[in-house]
J.: 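Take this structure, written in C-alpha cells, and hold onto it; I'll ask about it next.
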Amino acid sequence: MDNLNKTTMTPEDIEILLLKNFISNEDYELPVNVKYILNGRYKDVMHNELLSTFIKSCNDNELHKLVHKGIEKEIVTYNSWFCVGVSSLLYFIQCNWTGPQIDEDVEWLKSQEDDALRHLALHDECNSNVKKPEHLYFSKIIFSNEIIEKSYKSSIWWLFRANLLHQYILNESSGVIFNETEQLFDRINKLSLLEDQYCKTLFYIEVAQFYFYYRRVENSKKYVQSAHAAAQLHLNLEGALGKRTKYQQEEKPQLYLKVGAVQSQFPFRCCENVPKSLDLNDDVRLEHIEYSKSMEHIEIGGMEEAIILSNLVQMQLSQPKDKLTDEEIKPYLIVVIDSTKNWSLKVMSLYHRCTLELADKRAVERSMLQLEYLIQEIKSSEVPVAYRIDMFFASGLKPIWVLEQTWAHVMISLGLIKAALDVFLKLELWEDVINCYNMLELKHKAAEIIRQEISKKPTVHLWCLLGDATQDSNHYETAWKLSNERSSRAQRHWGMFYFAKRDYTKAIPHLKLSVELNNIQENVWIRLGYAALQIEDWKLAATAYRRYCALEQSTFEAWNNLAKAYIKLGDKERAWKSLHDAVKCSYNHWQVWDNLMVVSIDLGHFSEVIRCYHRILDLKKDHLDFQVLDILTRAILNNVNDSDGNPAQRLLSKALELFGRISSLILNNSDVWRMYGQLTALKKTDIDQEKAAQYLQQAHRAAISDTKWFQQEESIENVLQLCCLLTEMYLECAVNCDLKKKRTLLASAKLSLQGVIRKVKDQELDNDQILSLLRKVEEHLSTVVNALEQTKLTM
C-alpha cells in the first residue's frame, strides 16, 4: 500500500542518486538494483544469474569481448549492466579502500583475475597488494561501452572514477590514464547532470583529487576554486588570542579557520560511528587550543568539509614544506576532524594529521597509534559499507596498504625498525625493505631477500631492485626482456644506474626510452635534461626541461636550465619567457633575476632590466653589473627603440631612480657616477646640469683615487675620457650661471685637467689612442683657460 504513494524517479534522477550514494527523500520508488547499491549490497547486484550464465558459457573469449557482445545482444537489460558496473566498482573499493574486509569472491568473475591484472598493468605492474582487480577491470569495460554511454550519461563520470582508482593501484604514474581521463572531463562538463548544484560541486572536487595525484598545481587550483564558487563557501584564516600549553600564562595569537557559507548546506547523511580522534596525552600541550573568546560555529555538511580538505591538499602541493605551512594547514584539519560525521572524510582528515605529526616528537607517538587504530577500523564491520562510500571519491582516501605503509614509516621515526620491516615485508614494499636492512646494517640481506622473491615469482620490479642492490646492469636488461621490452621502469632504473656514475652518454638512451614509454615521469625528464646539458645536446636538453616544466611548474632550476638551453640554441626570446616562469617559482633567488636581466638587456627589454636590477638590490643589498648598466645607459643616451618599438628615453626617470639607488650603496665607483651624470644631463635643466657636473666630478675623483691609476693604459684612457665629459659639462653649466659661480666651475675644471695632463705626460706613453685623447684634453684645457681669462676681463 505504501508503494502506491511513492513517486517513480526519472532515469536521470536515479543516475544522480547513484553518484551521490544516498537518497534524501524516501518518497520515491526505486528499482531493486538501485536499492541494493544504496544499501551496500553489491554482491547481490552482481549475482545476476543470466549474466553469470552468459559469461560462463563464453569462457573461451576475453572478458571485454563478452561484455560488449552481451550488451549489443541485450542479454540482460542496459539498466542491469549499468548497475552491475557500479556495484563491481564499489565492491572493488570496499576490498581495497574502505572495508569491511571481504574474503568471498564473485565466482563467475574470479576466473578473470589474471586477465584483468594483465590488462590493468599497462606494460608495467600493479601493486601486489591489490585485491579482486577483476572487479575494476569489469566495471571499466562496462562504463566504456558506447551503448551504455548513450543510455546512461553518467557512465563517463563512473569511468573517470574507475580510471583514478586504476591509477592508484599502479606502481607508476600512467600517462595513458592521465590523457584518457583529461579527455573525459570535457565530455562530463557538457552533461545535463551538472545542472544539479550538488553534482557540479562534487565533480569539481573529484577532478581536483585527480590533479592532486599527478601534482598538477595550477589545474587542481582551478577546480578547487570552482568548487568554492559552486558551494558559495568562504574560508578565511584569522587570528585570535589563545593558549596551546597547560602552563602557558600569557595568551598568544593563534590561527583558526573562519568558515562562511552563503547558501544552505548540501544534503548529507550522518554516520554515527565515525572513527574517533585519539588524544595527544601530552604533559605540556593542551588537546585543543583554548581561545580567549568563543569561536563562531557554522554548521557545515560533507560537501563543504570535502572542499576544506581539498584546500588543505592544495596548500601542501603549492607551498614549501616547512613549519609555517604546517601551521596554516592545521586549522583546516581541526575543522574537519572536530565536525565531520562522514566516515571517509574523518579517516582522511585523521590520516592527514598523522602525516603532519610524523616529524613532531611530541605527537609522533599519537600518529602511530592513530594509524594503527584507523587500519583496525577499516577492517572492522561496525560501520556499514554504504556509509563508508559516502563522499569517498571526494575525500582522496588512500588504499589500505598506503595507510599501513605510512604506519610503518612512523614506526621507523620512533626507532621501531624491525616492526616496520615486518609490515614492509607483508606489503612487499621492497624499496622500504632494503632501506630497513640498510638501517639494521644488514645490507647483504637486501639482495638475498630480492633473490628469494625472484625465485618465487620474477617481476620487472624485483629484477630492477636487484640491479640497484648489486650494481649489476645485466639485471636491468633481464627486467627489460621480462616486460617484452615495454617497461618504463626497467629503462628508468637502467638509465639512473649510469646517471649515478655520471656516464651521461650511456644514461641518455635509457632515460629517453623510459619517457617515451611513460611521458609523465618528472624525475626522469629532469635527469634527462641535466644529462643532455652535460654533453651539450642543447636541443634534447630544451625538450626534456620543457616537458619537465609542463609537469612540475614550481622548480626554478628547471626553468633556469631550460632558458640556458634556449640561449645555446640561439632562441633568446623563449629563454626570456622561461626565465619569467623561473622568477615566479623562485622570487627570492637573485641569480634567477640576474639571468633574466642579462637576457632582457640582450633582447632590448629595457624596462624589465630596471625591474630586475631593483629586485636584485632588494635581495643582495648591493650589486654591480657594469655591462648591463653601460648598455642601458647608451640605449637611453642614443634613444634607441626597445623590443616593443618604444624610445628608450621614456625610461629616463626610472633609470635615474635606479642609479640613485646604486650610487647610494656603491659610493666610490667611477663608472656608476659617470653614467649617472650622463643620464642626469639629458634632463637639460640648469639644476640637472649642475647635478650632472657634480656626479661627473665624483666619477673623476673616484677614478683618480687609486694612486696607481696612471700606471695602467686602460685606467688612463678612462680618466682622459672622464676629463672630456667633465669639461663639457662644466662649460655648459658656466653658460647660464653668475660670474662668481662661473669662475669657480672653470677654476675647478682647470685644476682637474692640469693634474691629469701632467701625470699622463710623465709616463711618456707610445699609445695612439691615449695620445689622441690627451690632445683632446689639452684642447679642453685651453678652452677652459680662455674662458677663465674672459671672466677676468669682465670684472
Side-chain angles (χ1 to χ4, degrees), residues 601 606 609-610 613-614 617 622-640 647-706 709 714-737 741-757 759-760 773-774 776-777 779-781 783-784 787:
I601 202 76
F606 301 127
V609 170
I610 295 170
Y613 213 122
H614 273 299
L617 292 177
D622 62 69
H623 181 76
L624 183 60
D625 191 321
F626 168 74
Q627 286 184 314
V628 167
L629 293 175
D630 186 52
I631 295 169
L632 177 64
T633 301
R634 284 190 279 111
I636 294 174
L637 289 174
N638 298 321
N639 202 23
V640 300
Q649 281 191 6
R650 70 190 179 91
L651 300 171
L652 178 58
S653 60
K654 289 184 178 180
L656 289 172
E657 182 185 338
L658 174 62
F659 273 100
R661 188 175 179 188
I662 296 170
S663 62
S664 68
L665 298 169
I666 303 170
L667 303 175
N668 198 35
N669 186 279
S670 173
D671 293 316
V672 170
W673 286 110
R674 171 183 60 78
M675 291 183 278
Y676 195 8
Q678 287 176 288
L679 290 174
T680 303
L682 283 178
K683 298 185 82 173
K684 298 188 182 302
T685 66
D686 293 343
I687 294 174
D688 288 308
Q689 283 185 327
E690 285 183 32
K691 283 183 182 179
Q694 290 171 12
Y695 298 156
L696 289 171
Q697 182 65 52
Q698 188 75 18
H700 181 267
R701 287 196 196 109
I704 63 173
S705 63
D706 181 359
W709 70 267
E714 185 180 348
S715 58
I716 292 171
E717 196 173 322
N718 180 45
V719 170
L720 290 173
Q721 288 173 339
L722 267 174
C723 287
C724 294
L725 286 172
L726 180 59
T727 307
E728 289 165 4
M729 187 52 60
Y730 272 152
L731 290 170
E732 282 187 38
C733 289
V735 173
N736 298 317
C737 64
K741 195 169 187 178
K742 187 174 186 178
R743 281 178 59 80
T744 303
L745 288 170
L746 294 174
S748 177
K750 178 182 174 183
L751 284 172
S752 298
L753 297 182
Q754 284 175 334
V756 168
I757 291 169
K759 286 284 188 184
V760 175
L773 280 170
L774 181 60
K776 191 173 180 182
V777 172
E779 290 171 8
H780 279 303
L781 177 59
T783 304
V784 168

J.: What's the spacing between Lys683 NZ and Ser653 OG if we round to 0.5 Å?
T.: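 Rounded to the nearest 0.5 Å, the NZ-OG separation comes to 7.0 Å.
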
J.: Can you tell if the side chain of Leu773 reaches within under 4.5 Å of the side chain of Ile716, non-hydrogen atoms only?
T.: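 Contact flag for Leu773/Ile716 side chains = no.
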
J.: To the nearest 0.5 Å, what is the distance between CG on Asp686 and NZ on Lys691?
T.: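 Between atom CG of Asp686 and atom NZ of Lys691 there are 12.5 Å.
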
J.: Hey, could you give me the CG/OG1 distance between Leu682 and Thr633, rounded to the nearest 0.5 Å?
T.: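 The distance works out to 9.5 Å.
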
J.: Kindly give the heavy-atom pair with the smallest separation between Ala692 and Gly677, and that separation in Å.
T.: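 So the two residues come closest at CB-O, 3.3 Å.
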
J.: Taking the side chain as every heavy atom from C-beta outward, state whether Val672 and Gln698 have any atom pair closer than 4.5 Å.
T.: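 No, side chains not in contact.
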
J.: Does Arg634 offer a backbone N or O that forms a donor-acceptor pair with the side chain of Asn638 under 3.5 Å?
T.: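 Checking the backbone N and O of Arg634 against the side chain of Asn638, a donor-acceptor pair under 3.5 Å is found.
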
J.: Considering only heavy atoms from C-beta outward, does the side chain of Gln697 approach that of Arg701 to under 4.5 Å?
T.: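 Gln697 reaches Arg701 side chain to side chain.
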
J.: Roughly how far, to the nearest 0.5 Å, is CD of Gln689 from OG1 of Thr680?
T.: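 Rounded to the nearest 0.5 Å, the OG1-CD separation comes out at 11.0 Å.
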
J.: With respect to Leu629, which candidate in Ile601, Leu624, Asp671 satisfies the side chain to side chain contact (heavy atoms under 4.5 Å, CB included) definition?
T.: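 That would be Leu624; it is the only one of Ile601, Leu624, Asp671 passing the side chain to side chain contact (heavy atoms under 4.5 Å, CB included) with Leu629.
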
J.: Determine the minimum heavy-atom distance between Arg661 and Ser664, stating which atoms define it.
T.: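 Looking at all heavy atoms of both residues, the shortest contact is O-OG, 2.7 Å.
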
J.: Is there a side-chain contact (heavy atoms from CB on, under 4.5 Å) between Leu637 and Met675 once you walk through the steps?
T.: CA-CA 10 Å; Leu637 289 174; Met675 291 183 278; over 6 Å; no

J.: Does some side-chain heavy atom of Asn718 sit less than 4.5 Å from a side-chain heavy atom of Glu714?
T.: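 No; the side chains remain at least 4.5 Å from each other.
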
J.: A side-chain contact here means heavy atoms from C-beta on lying under 4.5 Å apart; do Gln678 and Phe659 qualify?
T.: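 A side-chain contact is absent here, since even the closest heavy-atom pair is not under 4.5 Å.
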
J.: Distance from Glu717 atom CD to Leu720 atom CG, nearest 0.5 Å?
T.: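 Atom-to-atom, Glu717:CD and Leu720:CG are 8.0 Å apart.
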
J.: Can you find a pair of side-chain heavy atoms, one from Ile662 and one from Tyr613, that are under 4.5 Å apart?
T.: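 When only atoms from C-beta onward are counted, Tyr613 and Ile662 do touch, with a gap below 4.5 Å.
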
J.: Check Ile610 against Ala655 and note the closest heavy-atom contact, atom names and distance.
T.: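 The answer is CD1-N, 4.0 Å.
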
J.: Can you name the nearest heavy-atom pair linking Ala648 to Ile636, along with the distance?
T.: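 Smallest interatomic distance, heavy atoms only, reads O-CG1, 3.8 Å.
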
J.: If I compare all heavy atoms of Leu617 with all of His623, which pair ends up nearest, and what's the gap?
T.: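 Answer, listing the atom of Leu617 first, then His623: CD2-N, 3.6 Å.
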
J.: About how many Å separate CE of Met729 and OH of Tyr695, when rounded to the nearest 0.5 Å?
T.: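 Tyr695 atom OH to Met729 atom CE measures 12.0 Å (nearest 0.5 Å).
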
J.: Checking Leu696 against Trp673 for the side-chain contact (heavy atoms from CB on, under 4.5 Å) test, could you report, in this order, the C-alpha distance in whole Å, the side-chain angles of both residues, the deciding distance, and whether it holds?
T.: CA-CA 6 Å; Leu696 289 171; Trp673 286 110; over 6 Å; no

J.: How about Thr727 and Thr783: do any of their side-chain heavy atoms sit closer than 4.5 Å?
T.: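 Contact flag for Thr727/Thr783 side chains = no.
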
J.: Please report the shortest heavy-atom distance between Ala693 and Leu726, naming the atom on each side.
T.: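 So the two residues come closest at O-CD1, 3.8 Å.
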
J.: With sequence neighbours excluded, tell me which residues meet side chain to side chain donor-acceptor pair (under 3.5 Å) with Asp622.
T.: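 Checked Asp622 against side chain to side chain donor-acceptor pair (under 3.5 Å); zero matches.
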
J.: Does this structure show an ion pair linking Lys684 with Asp688, if we count only N-O contacts that are shorter than 4.0 Å?
T.: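 No, no charged N to carboxylate O under 4.0 Å.
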
